[in-house]
Amino acid sequence: MRFLVTNDDGIYAPGIKALAQTLNAFGEVIIIAPDQERSGVGHGITVHHPLRVEKVELFPEVRECYMVDGTPADCVKIAIQGLDIQPDMVVSGINLGANLGTDVLYSGTVSAAIEGVLLGVPSLAISVCKNISYLPTATYFLTRLLFELKTPLPKDGLLNVNVPALRQDEVKGILATKLGVRLYKNEFVKRLDPQGKAYYWMKGVPYAPASESDHDHVAIEQGYVSVTPIQFDLTYHALFSELRDSLQ
Ligand code: MN
């Protein structure tokens with residue numbers, strides 16, 4: 001089993017180290033990750049300047065490790081299509097901060113995993129809520145999940161895993177969930193730079209306009225690890241039928 005490991009918090013983030021160490025017990029690990037924090041870049045790719053790929057020795061326990069001055073999606077693309085690495089699975093994370101519901105549309109962590117399935121490799125994204133002190137909970141439940149998955153993931157199989165900010169013994173279990181809708185009440189704090197020009201900092205508090213019991217954020221609030229299967233068909237199928245009929 002060969003894992004291609006990436007993230008969006010950057011190659012120096014503690015989450016990717018914990019992830020690589022965990023996956024080492026299951027097979028060969030190759031890391032390819034951004035050289036800096038790229039959280040929130042979504043599925044962005046680099047098309048207007050060249051990409052630099054540097055082989056580094058940051059993690060002696062893994063087979064190879066590369067640092068890229070691009071996005072998480074760039075990392076997965078160039079690994080598979082540029083460096084000819086052929087992984088059995090792409091694993092992205094462990095992100096510091098939840099990727100629940102509509103977060104997946106902004107998340108570089110999840111986008112790296114989506115890029116994996118676009119290239120025909122089963123993929124998994126994993127995030128831990130709130131802070132770094134719960135990384136051991138995430139690695140414990142990732143290990144359990146890899147053992148407990150009874151059937152191998154299909155080639156377009158993408159799992160989005162979120163781990164609550166709890167100690168391992170406080171977690172109630174692992175639940176299969178659906179993506180909820182998680183929006184943000186954003187506020188833009190306006191400040192002035194030394195030249196007197198205005199600039200803005202965005203901050204936001206998440207809220208869920210409507211919740212169902214099998215939504216991912218509900219599982220997290222109730223103390224479960226949430227595992228959501230994701231596909232990237234964004235077609236609004238019901239509206240498609242109506243549209244087709246009205247355009248006939
Ligand atoms: Mn991140």
Side-chain angles (χ1 to χ4, degrees), residues 3-23 29-46 51 56 58-59 62 65-79 89-118 123-139 141-142 145 158-166 177 179-180 182-184 186 201-206 216-217 220 225-228 230 232:
F3 297 98
L4 185 68
V5 168
T6 191
N7 74 349
D8 76 356
D9 294 338
I11 201 161
Y12 299 105
I16 198 167
K17 186 175 185 184
L19 178 58
Q21 286 170 341
T22 305
L23 294 177
V29 174
I30 298 175
I31 294 178
I32 185 160
D35 60 357
Q36 57 184 289
E37 165 86 48
R38 302 305 295 257
S39 294
V41 299
H43 209 119
I45 51 170
T46 303
L51 282 173
V56 290
L58 284 173
F59 305 95
V62 308
C65 181
Y66 301 92
M67 185 162 82
V68 182
D69 63 345
T71 66
D74 285 332
C75 289
V76 174
K77 263 185 192 298
I78 203 163
M89 193 171 191
V90 172
V91 186
S92 180
I94 299 170
N95 189 60
L96 289 186
N99 276 309
L100 295 162
T102 28
D103 289 344
V104 302
L105 298 171
Y106 303 98
S107 166
T109 306
V110 178
S111 294
I114 292 174
E115 189 60 40
V117 294
L118 290 176
S123 299
L124 183 149
I126 178 164
S127 306
V128 65
C129 297
K130 291 203 176 131
N131 73 54
I132 186 180
S133 57
Y134 300 105
L135 273 178
T137 308
T139 56
F141 279 98
L142 176 62
L145 186 65
L158 168 56
L159 298 181
N160 184 39
V161 181
N162 279 276
V163 177
L166 295 171
T177 58
L179 284 182
R182 196 171 186 248
L183 303 175
Y184 286 81
N186 286 123
W201 279 105
M202 182 172 67
K203 60 177 194 174
V205 181
D216 52 359
H217 62 92
I220 288 292
V225 171
S226 162
V227 184
T228 313
I230 294 179
F232 45 85

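Numbering of ligands and ligand atoms starts at 1, following listing order. The structure presented is a predicted model; accordingly, all values stated were derived computationally and were not measured.
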Counting distance only, does the side-chain N/O of Asp8 pair as donor-acceptor with the main-chain N or O of Val41 below 3.5 Å?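 No: the side chain of Asp8 does not pair with the backbone of Val41.
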Is the closest side-chain donor-acceptor distance between Asn99 and Ser127 under 3.5 Å?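 Their side chains do contain a donor-acceptor pair, which is all the 3.5 Å distance test asks for.
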Return yes when at least one N/O/S atom of [X] is nearer than 2.8 Å to the Mn ion (ligand 1), and no when none is.
X	value
Asn95	yes
Thr109	no
Glu37	no

Member of Thr177, Asn162, Asn160, Asp216 meeting the side chain to side chain donor-acceptor pair (under 3.5 Å) criterion with Ser226: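 Only match with Ser226 under side chain to side chain donor-acceptor pair (under 3.5 Å): Thr177.
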Give me the one residue out of Asn95, Thr6, Asn7 that meets side chain to side chain donor-acceptor pair (under 3.5 Å) with Thr109.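 Looking at Asn95, Thr6, Asn7, the match for Thr109 under the side chain to side chain donor-acceptor pair (under 3.5 Å) is Asn95.
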Between the Mn ion (ligand 1) and Asp8, which N, O or S atom of the residue is the nearest one?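 Within Asp8, restricted to N, O or S, the Mn ion (ligand 1) is closest to atom OD1.
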What N, O or S atom of Asp9 is found closest to the Mn ion (ligand 1)?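 Result for Asp9 and the Mn ion (ligand 1): OD1.
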Looking at Arg182 and Asp103, is there a salt bridge between them, counting it only when a charged N and a carboxylate O are closer than 4.0 Å?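 Salt bridge flag = yes for Arg182 with Asp103.
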